[in-house]
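A short worksheet on the structure shown next.
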Number of protein chains: 2
Amino acid sequence: MQSAFLSKEERQLLEAAILPPRVIRAGTDLAREGERADSLFIVADGWACRYSTTSDGRRQLPALLLPGDVGNLDSLLFDRLDYGVRTLTEATIVTLPRDRALALAAQHPGIARMFTWLALVENAILGKWALSLGRRSAKERLAHLLCELSVRLGNDDEAESSFDLPLTQEHIADALGLTPVHVNRTMQQLRTEGLIVSGNRKMTLPDVVSLRKLGGFDPGYLHIAPPADTQLC
Amino acid sequence: MQSAFLSKEERQLLEAAILPPRVIRAGTDLAREGERADSLFIVADGWACRYSTTSDGRRQLPALLLPGDVGNLDSLLFDRLDYGVRTLTEATIVTLPRDRALALAAQHPGIARMFTWLALVENAILGKWALSLGRRSAKERLAHLLCELSVRLGNDDEAESSFDLPLTQEHIADALGLTPVHVNRTMQQLRTEGLIVSGNRKMTLPDVVSLRKLGGFDPGYLHIAPPADTQLC
DNA sequence: CGGTTCGTTGAGGCCCATCAATCTATGTGG
DNA sequence: CCACATAGATTGATGGGCCTCAACGAACCG
């Protein structure tokens with residue numbers, strides 16, 4: 001999760017409240033839209049996503065979930081899910097019962113603040129996705145997404161970056177609001193222009209500076225480090 | 001704001017922490033992207049929006065702010081804004097200093113929970129916007145937005161609905177990721193089909209059922225009423 | 001070795017963008 | 001009270017980015 005707001009005691013309490021991890025194979029639903037969920041699913045390893053669909057089956061991902069992300073933070077306060085949560089790779093998932101989470105949040109301000117923090121970061125990311133979906137071309141969207149994933153995976157800021165990218169082109173299409181065919185053609189463009197080197201589930205960004213410029217990417221919105229003056233508790 | 005989580009005492013404390021309302025004319029920035037904001041701006045009356053822009057000036061609204069909404073909830077925990085906040089009509093704005101808000105949240109679990117709730121609702125709405133932006137046609141997007149605004153403005157569920165819509169077609173375009181010209185043509189289509197009656201800043205939805213079906217709108221995601229089992233504090 | 005998943009390529013078409021002009025309503029100053 | 005300016009709505013013509021449909025290739029696996 002995100003522990004910068006937590007005291008040692010709070011961190012221990014959270015860890016004690018968590019159920020043992022489960023390993024889940026790729027492509028399985030942790031929860032479906034409209035279901036009740038009485039636990040939070042936390043991705044400990046692997047990739048997952050939130051997805052929502054129109055009535056006729058068009059699919060859009062409102063979030064890609066990387067290790068440390070909570071799959072269904074909404075379930076903390078909502079009784080029904082607005083989206084589905086699905087693994088994209090084999091993943092190990094940790095479960096935090098909602099009751100325990102609520103009780104801890106009520107007794108420990110740091111834990112409550114952590115949940116708010118998590119929700120706000122999700123919001124910031126989704127806001128940038130909306131900008132991409134509404135106003136950026138396919139090439140720009142792809143560039144922006146790759147830059148975001150690179151940073152969220154912990155890669156250094158401006159250096160050449162290389163990471164595992166277990167997403168299929170269809171997953172990427174569902175994140176970017178495009179068709180798989182067009183994602184394919186767009187990736188070829190970036191490849192031709194020397195902005196990405198990809199294949200075999202690996203992605204390398206040889207020229208992060210140019211890719212960021214193309215995608216209009218500025219990492220500030222990810223709020224990787226909490227601001228100093230709120231770390232007090 | 002949203003007071004279902006609050007005790008009487010907490011509500012009074014919040015009201016006491018709030019600075020006097022200001023009336024602000026249409027089209028003025030309450031805050032700009034990248035700025036520090038040491039207060040939360042709460043819309044008490046009128047309309048406002050969050051907006052973000054690409055480097056070359058394309059604009060996308062990640063949120064429309066109606067009375068009761070918080071313009072910049074992020075400022076509770078982030079030191080810099082990821083978006084701008086701007087009034088769309090003359091609006092009266094109420095201000096809550098961030099320090100006060102944080103202190104209250106630390107001492108009163110109900111207030112902390114309210115902030116989390118607000119963030120999660122924003123997230124739910126934005127998630128649906130992403131689905132629209134990524135996967136729905138112009139007509140569907142417009143239908144969905146109008147249905148959402150109708151409900152958020154307090155109109156009854158399935159009845160014919162009529163409300164003030166002070167947005168220009170350009171505002172709508174920026175919310176939907178379209179051009180003003182295309183919003184105009186799309187509105188004409190809906191008008192011809194008898195799904196909307198509009199003009200002079202008013203909007204009437206004579207056939208909400210059909211409009212919802214067209215836009216794929218299901219109001220559940222707005223979480224208008226908090227679930228019963230979380231109202232305890 | 002056959003099946004399945006994923007990536008790639010091609011041809012054709014539509015939705016929406018772009019550019020530009022006109023129309024209407026509102027407001028303002030002389 | 002009219003001349004004028006401005007903001008917003010409307011309409012037309014044209015083009016392009018991305019979709020759709022379809023087929024094929026490549027990698028992996030039981």
Rounded to the Å, how far apart are [X] [atom1] and [N] [atom2]?
| X | N | atom1 | atom2 | result |
| --- | --- | --- | --- | --- |
| A:Glu170 | C:dC6 | CD | C1' | 9 Å |
| A:Glu140 | C:dA17 | CD | P | 14 Å |
| A:Ile172 | C:dT5 | CD1 | P | 19 Å |
| B:Arg25 | C:dG27 | CZ | C1' | 15 Å |
| B:Gln189 | C:dC16 | CD | C1' | 11 Å |
| B:Met187 | D:dA9 | CE | C1' | 10 Å |

Is the shortest side-chain N/O distance from [X] to OP1 or OP2 of [N] below 4.0 Å?
| X | N | result |
| --- | --- | --- |
| B:Asn184 | D:dT10 | yes |
| B:Arg201 | D:dA9 | yes |
| B:Gln188 | D:dA9 | no |

query = Is any side-chain heavy atom of A:Ile93 less than 4.5 Å from a side-chain heavy atom of A:Val23?
reply = no
Hey, are [X] and [Y] close enough for a salt bridge, meaning a charged N less than 4.0 Å from a carboxylate O?
| X | Y | answer |
| --- | --- | --- |
| B:Asp74 | B:Arg80 | no |
| B:Arg212 | B:Glu158 | yes |
| B:Asp164 | B:Lys202 | yes |
| A:Arg50 | A:Glu33 | no |

inquiry  = Apply salt bridge (Lys or Arg N to Asp or Glu O under 4.0 Å) to residues A:Asp56 and A:Arg58 and explain how you reach the verdict.
reply    = CA-CA 6 Å; A:Asp56 62 344; A:Arg58 287 167 285 174; 3.1 Å; yes
Protein-to-nucleotide contact annotation, 5' to 3' order, nucleotides 16-30 of chain D [B base; S sugar-phosphate only; - none; under 4.0 Å, heavy atom] = --BSBB---------
